[in-house]
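Down below is the structure, laid out as structure tokens.
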2 protein chains.
Amino acid sequence: MDKRSISSSMEDYLKTIFELGETSVKTQTLAEELSVSSASVTGMLKKLSDLKLVHYERYHGVSLSKAGRLIALETLRHHRLIETYLTEALGYSWHEVHDEAEKLEHHISEDFEDRIAELLGHPTYDPHGDPIPQRDGSVPVSLGKPLTEQHEQETLVITRVKEQKGDVLKYLAEHQLIPGSEITLIQKAPFNGPLTIKTSRQTVALAFELAKLIEVERLAVLDSSS
Amino acid sequence: MDKRSISSSMEDYLKTIFELGETSVKTQTLAEELSVSSASVTGMLKKLSDLKLVHYERYHGVSLSKAGRLIALETLRHHRLIETYLTEALGYSWHEVHDEAEKLEHHISEDFEDRIAELLGHPTYDPHGDPIPQRDGSVPVSLGKPLTEQHEQETLVITRVKEQKGDVLKYLAEHQLIPGSEITLIQKAPFNGPLTIKTSRQTVALAFELAKLIEVERLAVLDSSS
DNA sequence: TAAAAAACTTAGTCTTGCTTAAAAATAGTT
DNA sequence: AACTATTTTTAAGCAAGACTAAGTTTTTTA
């Protein structure tokens, strides 16, 4: 109940559990994601469990409780609002915002949150196309599907890029692979091989693992009525 | 040398030592200012001394080293730039900015600092009239003198209000007692009694201790040669 | 289905920054 | 100059959050 008793560290754990999926999350996965030892994760999960923020059963993974989910969403909202604000108001490039937001998300007040949300016109997606959780705990839907699941020759619009690493994002931006861009999937090499993509400017080949992180929507459905 | 090894707590100590005066600062004074026990202060001073950030002699107070002073100024620069930014860009009132800045000052990057400084036109004073240390370590001069040192009947301009408490600041703002305002010192009661002040709107009486925190400049010197 | 491998937890430490209580040094007073 | 009062420091310990090493439990594999 008392939000003041939740540390930055706890917020990071809760946020990460949320991001790793609605289903049960394993100790090791969390450890890797948070760059921390498994033993540290176990220790923290016990603490979060005592606070009723997670459902945790020894040896069997963890998932968020209702209360924990709210804190995760709040933290994620901070993160994504800050990323949006840095981009829109302070002229950051999208590959520069993650680290700054990662620190600030734990230290802004609700008042600050409200003010930047207001100033940005209550955005629903951040510069990466990630949905921004709303104050009421709802999360805007993401209609896009991974690029890897699309058919060849289809014309698509990028809706989201689920990558965090600055250098990768910089590379993608240099090739116009950002939300809103129109692309055509030229070829998918077999055995999870690279995907060849045509942008407005050029043709690029993307590793399967990277393409999986790019979500797209079909530009227009033309084969059916109207 | 490695700035990453300086904690938020250390930054607060250094900043506070700086604010408490160029001269040697006592353990107890620091303890009160930081809301911490004297024993904690002693412990931290030993650590800061090992890092060569302060000159500390047991039982005889502490002062900043050159390196410590730079960190204090950097922290103070963050604080005052953030206060200015919150006021100018996010519509905060001056009595709301302190607490927010107090948290954020430890967590913004140099990049963020540069961007907001640029956006604000490299300001030299914050909304309270406090000088904003510059990146090179210089501090803009403050020419004002405490209201308590002025003569009666003098017309003055407020240049600085050295108060932090939100409720007091709110009260002062409601009476136009903010930097830039023109006032006349009507009367100084003897024995450090209250001061009577005329603003553009009304006449107010201020406790001596509060008036001491208000710095002013004479509006114009008319008695000497052009 | 039992042995080997992998994943997870427990136990014991470390660091930071804080606390209280007791001891030591400085300052003030007569 | 000595005694008391004040200030400061030392000592011991706590809580958070991390670590390593060792011990369990679960899963995989033969």
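Every chain is numbered from 1 and lettered A, B, ... according to where its sequence line falls, protein lines coming before strand lines. Side-chain atoms are counted along with the backbone in the values below, which use heavy atoms only and exclude waters and symmetry mates.
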Residue [X], side-chain heavy atoms: nucleotide from [options] that is nearest:
{"X": "B:T42", "options": "D:dT9, D:dC19, D:dA18", "value": "D:dT9"}
{"X": "A:K47", "options": "D:dG17, C:dG17, C:dT10", "value": "D:dG17"}
{"X": "A:A39", "options": "C:dT20, D:dT9, D:dT20", "value": "D:dT20"}
{"X": "A:M44", "options": "D:dT25, D:dC19, D:dA18", "value": "D:dA18"}
{"X": "B:T27", "options": "D:dC19, D:dT8, C:dT9", "value": "D:dT8"}
{"X": "B:V36", "options": "C:dC8, C:dC18, D:dA18", "value": "C:dC18"}

* To do: Using the test ring-ring contact (aromatic ring centres under 6.0 Å, His included), find all partners of A:H95 that sit at least two apart in sequence or belong to another chain.
  =>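 If we apply the ring-ring contact (aromatic ring centres under 6.0 Å, His included) test to A:H95, skipping adjacent residues, there are no hits.
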* **B:K145 and B:E215: CA distance, side-chain angles, deciding distance, salt bridge (charged side-chain N to carboxylate O under 4.0 Å, His left out) verdict** => CA-CA 5 Å; B:K145 300 281 172 219; B:E215 291 189 356; over 6 Å; no
Assess whether a salt bridge exists between [X] and [Y], defined as any Lys/Arg side-chain N lying under 4.0 Å from an Asp/Glu carboxylate O.
{"X": "B:E105", "Y": "B:R80", "value": "no"}
{"X": "B:E163", "Y": "B:K165", "value": "yes"}
{"X": "B:R77", "Y": "B:E110", "value": "no"}

* Asked: Do any of residues 49-57 of chain B sit with a heavy atom less than 4.0 Å from DNA chain D, and if so which?
  ->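 Those residues whose heavy atoms fall under 4.0 Å from DNA chain D, taken from residues 49-57 of chain B in numerical order, are B:Y56.
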Ignoring backbone atoms, test whether [X] places a side-chain nitrogen or oxygen under 4.0 Å from the OP1 or OP2 oxygen of [N].
{"X": "A:H60", "N": "C:dC8", "result": "no"}
{"X": "B:R58", "N": "C:dT26", "result": "no"}
{"X": "B:K46", "N": "D:dT10", "result": "yes"}
{"X": "A:S38", "N": "C:dA7", "result": "no"}
{"X": "B:S40", "N": "C:dC18", "result": "no"}

Figure out the [atom1]/[atom2] separation between [X] and [N], and round it to whole Å.
{"X": "A:E11", "N": "D:dG17", "atom1": "CD", "atom2": "P", "answer": "11 Å"}
{"X": "B:L34", "N": "C:dC18", "atom1": "CG", "atom2": "P", "answer": "8 Å"}
{"X": "A:Y59", "N": "D:dG23", "atom1": "OH", "atom2": "P", "answer": "13 Å"}
{"X": "B:L30", "N": "D:dT7", "atom1": "CG", "atom2": "P", "answer": "15 Å"}
{"X": "B:H106", "N": "C:dG17", "atom1": "NE2", "atom2": "C1'", "answer": "14 Å"}
{"X": "A:Q28", "N": "D:dT27", "atom1": "CD", "atom2": "P", "answer": "14 Å"}
{"X": "A:L45", "N": "D:dA16", "atom1": "CG", "atom2": "C1'", "answer": "15 Å"}
{"X": "A:L48", "N": "D:dA18", "atom1": "CG", "atom2": "P", "answer": "11 Å"}

* To do: Name the nucleic acid region contacted by B:S9, choosing base, sugar-phosphate or nothing; use a 4.0 angstrom heavy-atom cut-off, strictly under.
  =>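 Touches sugar-phosphate only.
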* To do: Would you kindly say whether A:T87 and A:T84 are connected by a side-chain donor-acceptor distance under 3.5 Å?
  =>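 Side chains of A:T87 and A:T84: no pair found under 3.5 Å.
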* Asked: Any side-chain donor paired with an acceptor under 3.5 Å for B:S109 and A:E100?
  ->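 There is such a pair (donor and acceptor under 3.5 Å, judged by atom type) between the side chains of B:S109 and A:E100.
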* Asked: How far does the helix from C:dT1-D:dA30 to C:dT30-D:dA1 bend, going by the axes of its first and last five pairs, to the nearest 10°?
  ->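 That helix has its two terminal axes inclined by roughly 10°.
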* Can the ring centres of B:H78 and B:H106 be said to be less than 6.0 Å apart? ->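 Between B:H78 and B:H106, the centre distance exceeds or equals 6.0 Å.
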* Asked: How many angstroms lie between atom CG of A:D99 and atom CG of B:D111, to the nearest 0.5 angstrom?
  ->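 These two atoms lie 11.0 Å from each other.
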* Axial cation check for B:Y92 ring with A:R115, 6.0 Å and 45° limits ->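 Pair A:R115/B:Y92 counts as cation-pi.
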